[in-house]
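All of these numbers come straight from a predicted model, not from anything done at the bench.
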Amino acid sequence: MLSLLHIIDNPQQDIPLASVLRSPIVGLTEDELAQIRLEKADGLFYDALLTAAEADRLQEREKETPDDEKTLSSRLRSFLCKLETWRKEARQGSLSALIWNLLEETGYLDWVGGLPGGSQRQNNLRSLYDRARQYEASTSNRGLFRFLTFISRLRERGSDLGSSSGETEPDQAVRIMTIHKSKGLEFPVVFIAGTAKMFNQQDLNAPFLMHKELGFGPKYVEEHHRVSYPTLPNLAIRRRSQLELLAEEMRVLYVALTRPREKLIMTGTVKDLASRAVGWARAKEHTETVLPDYMLAAGRSYLDWIGPALIRHSSAASLREAAGDEVGDFHRLEHMPGADWLFKIVAAEALSGSGVSLAHEKEGANEERQKKTEALRNAKPLDRRWISADSLEEMIGDDRSEAETANGAVTAEVSFGDESDTVLDQPVGLTTGIITDIGAVLSWTYPYERAGRTAAHTSVTEMKRWLEMQEIGSEDWLNLSAFRSVESPEDRNDSHAGGHSLHLRRPKFMGNQRLTPTERGTVYHTLMLHLPLDGGMNAEVIEETKARLLNQRILRDVHVKVLDTDKILRFFTSEPGVKMLKAAHVQRELPFTYAMRAADYWSHSLPSTLPVQETAPQGGQDDKVLMNGIIDCLFETPEGLVLLDYKTDRISEHRTLPYLTEQYRFQLELYAHVIEAITSQKVAEKWLYFLEAGESVRL
C-alpha cells in the first residue's frame, strides 16, 4: 500500500511501480513484467509501461476482446487510467480519504483478510489509515509527499511504525517476542532477558568489508608467508561499521526500554560479578546522565551499557558493594529517573540445586549397586524389579567367579530393549559360570555385522585399493617398503598414486616443489581432456593447447613443464590413439554413478582365492552400494564401444608392464561392467596406454 502511495505521488519510481504491478492490485506475472521492460530496455520502467500500454491498441480496435481475455496492453491502460484518477484525488482531497478509497476500490483490504494472519494484516492497513488521519490533524504540512517523507523518517529513526496490536489480542496473556517484533506495542510488564548476550559482530571479521560511503576494504595477503594483514581501508570500514552496529543496537535497546507501561524487569548473567562491577564503576566520575562516548563504543552487550548507567543510581548499593573498595566513592546521580529501582543479585547455586541433587542421586545409585552386588555374591534373591541386561552384566562384573561357587538361585525379571514380553521369572543357577538364559542373550551378535562394515558409497579406486590390500600379505608389504627405500628419488616420485604408496595432499608451503605422481597424472589427464580431436594431431596443436590452458589459468607454469609433447604425439600414433582420432563421438573424463547390488559388489571386490559366501556379509544381498568413478576415455567404433584408460606409471625392473597390466585389469573390467549396465551396449575393446613407456595393452 505504501508503494501504491509512492507511485501516486510520483509514478517514475521503478521499485514501487514494479511492486504494485506484481501485487494483487494489478496482478502481473514476472514474465509480463519482463515483457514490459523489453518494450524499452533503457530509461525508467514507467516509460516502458507507457510504451507497452500502446503496443497493440490498433489490433484491439479491430476485434472485440472479452473482459476475461484482455491483453496485457489493455490491462495496463486500465491501470494507468485508475492511477491518473487517484493522482487527481491526492491533489484535491484529503489524505485519509484517499487511503480508504484505495482500500475499498482495489479490494486489497478484503484480499489480505484471506491470508494467514489476515486479521493482523487488516489491522495494519487500518493503522496506516489512522496514522494518516492523525498526521492531518496534528500538522499543517498537508499533502501526500510530506506524509510519505514523515513515514520514511520514522523508519530511519526506528520509531514506532510496527504492527498494530489489533482487537483480537488476549488481555491476560504472556507474549514472548523479539525486540523488533515489539515495535509499536505496549505492555503493563516487560521482561528484557539476556542483556549480557554479546552482540553479533561476525560480519566485521569477513575477509573483505564493504561500506556504502567508504567503499571496499580488503585484507592484504602476503603469498610468500601466507599471512594476511588488514589494510587501512579495512580498518576504517571495520571501525565505522562497528560504530553503526552499536548505534543500531542502541536503537533496539531504546525500543525495548520504552515498551512497558508499569514495570520493567531486566535480567543478565555474568561469570565474575566483582570484576564486571569494577569495570562499570569507571563511570563514577561522570556527572552527566549520558555515558561518555568511549564507554558506549566499548560496549559488547546491553549489560555493558546498563551496568555503568545504573551503578551510579542511589538504589544500586548492592552493585557498588560488589565493586569493592577499589573504586572509592561514587558520584551518585540522584536525579536519575526511576527512584524505585530494585537490584537483586542471585548466585548460580541458588538458582538450581543440580549439584546437590546429582550428588544425592549418585550416592543413592552407589548404595543400590552395592546391595545388588552383595545379593549376587551370597546367591540371595533380588528384589522383583525391571533391570536391563547391561546393568545385570555390570552387577556380575568381576564377581562372577565368586558367584559361580555359591549355592542358591537368583530370581530376576529382565527386559531387553522394547521386547517387554521376553521376561525370565524363575530361579536360575549360577553354577555354569553365567546365568544360562541371560547369558545367551548377552552373547547375541548382530547377524548382519559384516554388512554394517560395508560402505554405502564407494569408488572404483577404493575398491581397487582394498582388493590389493587383501591380495598382498604383510610380508609382501614389508618387502615392497624395503624396495622403495632403496629406489632412486626419480623412481619414488614417479610411482603412480594407484599403487601401494601413500601420497598425502601437498602442504601449501611446498607449492614450488616438484609435482607428486598424483599431480603429474592429473596434469596429463587435464591436457588429454582439452586436446581438440576435430583435426589432425601434431606438435603445434599440443603446444597451442598447453598455451591456452596456461593463459586460462587451468594449468600453471610448473604443470606445463612436466608435459612431454613427444609422449602425447606417440599416443596418437598408437592403435588406440588412431581409433580415438577416427571416432565420430568421443567422451573424455566421463563421470558415472552406479548402484550395485551388495552381492555383486562383494563378488567383484573379494579376492578370487576366497569364496564369496565365506567372506561376504550374511543377509542384505539385495542392498545397494553406490559406486562412482571417472572413465578416462570412451568412444564408439563400428565394432562397438572402446574403453581407454591412460596411465602415467613408470615402467621399471620391479614394476614391469605385465605387472601393471594385471594391477589395472580389475579397474577396466569394472568400468566395462558399469558401461554395459548403463548403456546396454557391449564394450568391444578395453585398452591401457602407459604414457611414460609409450606402450599400449589390449585387455
Side-chain angles (χ1 to χ4, degrees), residues 1-9 13 15-30 82 86 90 94-138 144 147-194 248-249 251-265:
M1 186 53 59
L2 285 177
S3 297
L4 181 57
L5 293 177
H6 274 289
I7 65 171
I8 290 176
D9 175 61
Q13 301 182 65
I15 295 179
L17 179 59
S19 175
V20 173
L21 293 175
R22 185 65 183 88
S23 71
I25 296 176
V26 181
L28 299 186
T29 64
E30 293 90 342
K82 292 180 181 180
W86 295 334
S94 65
L95 177 61
S96 58
L98 171 65
I99 294 178
W100 192 254
N101 181 40
L102 292 175
L103 294 175
E104 287 187 340
E105 187 174 346
T106 60
Y108 192 63
L109 183 64
D110 298 330
W111 184 83
V112 299
L115 298 178
S119 299
Q120 180 66 49
R121 297 173 187 268
Q122 289 179 332
N123 289 332
N124 292 339
L125 291 176
R126 294 190 184 99
S127 177
L128 177 65
Y129 167 74
D130 294 337
R131 191 171 295 270
R133 292 182 58 188
Q134 296 172 5
Y135 175 79
E136 289 181 321
S138 61
L144 178 58
F147 175 71
L148 293 175
T149 304
F150 168 72
I151 295 295
S152 299
R153 289 176 180 174
L154 285 181
R155 283 182 163 181
E156 292 175 358
R157 292 197 303 264
S159 301
D160 298 346
L161 191 61
S163 300
S164 172
S165 59
E167 302 176 355
T168 60
E169 292 294 337
D171 295 333
Q172 303 296 329
V174 176
R175 298 183 61 186
I176 301 176
M177 64 181 66
T178 62
I179 298 177
H180 292 86
K181 187 82 172 180
S182 67
K183 284 186 177 182
L185 305 180
E186 286 187 350
F187 304 95
V189 181
V190 172
F191 288 81
I192 304 178
E248 177 62 24
E249 294 293 346
R251 289 190 287 269
V252 173
L253 179 60
Y254 168 79
V255 171
L257 295 176
T258 54
R259 295 311 95 197
R261 290 194 300 264
E262 301 174 8
K263 180 178 289 187
L264 170 67
I265 301 173

What heavy-atom pair brings [X] and [Y] nearest, and what distance separates the two atoms?
X: Arg121; Y: Pro116; value: NE-O, 2.9 Å
X: Ile8; Y: Ala90; value: CG2-CB, 3.9 Å
X: Asp110; Y: Gln122; value: CA-NE2, 4.2 Å
X: Ser3; Y: Val20; value: C-CG2, 3.8 Å
X: Ser94; Y: Ala97; value: OG-CB, 3.1 Å

Flag yes if more than 12 heavy atoms outside [X] fall under 6.0 Å of its [atom1] atom; otherwise flag no.
X: Arg126; atom1: CZ; value: yes
X: Ile176; atom1: CD1; value: no
X: Ile15; atom1: CD1; value: no

Gln134 vs Asp130, test: side-chain hydrogen bond (donor to acceptor under 3.5 Å, both in side chains). Steps then yes/no.
CA-CA 6 Å; Gln134 296 172 5; Asp130 294 337; over 6 Å; no

Tell me which one of Ile7, Val26, Leu4 satisfies side-chain contact (heavy atoms from CB on, under 4.5 Å) with Leu17.
Ile7

For the side chain of [X] and the backbone of [Y], is there at least one donor-acceptor N/O pair under 3.5 Å apart?
X: Ser152; Y: Leu148; answer: yes
X: Ser182; Y: Leu185; answer: no
X: Asp9; Y: Leu5; answer: no
X: Arg259; Y: Phe187; answer: no

Can you tell me how far the [atom1] atom of [X] sits from the [atom2] atom of [Y], to the nearest 0.5 Å?
X: Leu128; Y: Leu102; atom1: CG; atom2: CG; answer: 10.0 Å
X: Met1; Y: Asn124; atom1: CE; atom2: CG; answer: 12.0 Å
X: Leu125; Y: Gln120; atom1: CG; atom2: CD; answer: 10.5 Å
X: Lys183; Y: Leu154; atom1: NZ; atom2: CG; answer: 10.5 Å

Go through the steps to decide whether Leu253 and Glu249 satisfy the test side-chain contact (heavy atoms from CB on, under 4.5 Å), and finish with yes or no.
CA-CA 6 Å; Leu253 179 60; Glu249 294 293 346; over 6 Å; no

Determine, stepwise, if the pair Thr106 / Trp86 fulfils side-chain contact (heavy atoms from CB on, under 4.5 Å).
CA-CA 11 Å; Thr106 60; Trp86 295 334; 3.9 Å; yes

For Lys82 and Ile25, run side-chain contact (heavy atoms from CB on, under 4.5 Å): C-alpha distance rounded to whole Å, both residues' side-chain angles, the deciding distance at 0.1 Å, then the answer.
CA-CA 11 Å; Lys82 292 180 181 180; Ile25 296 176; over 6 Å; no

Given side-chain hydrogen bond (donor to acceptor under 3.5 Å, both in side chains), test Ser96 with Glu136 step by step and report yes or no.
CA-CA 8 Å; Ser96 58; Glu136 289 181 321; 3.2 Å; yes

Name the orientation class of the two ring planes belonging to Trp111 and Tyr108 (parallel below 30°, tilted from 30 to 60°, perpendicular beyond 60°).
parallel

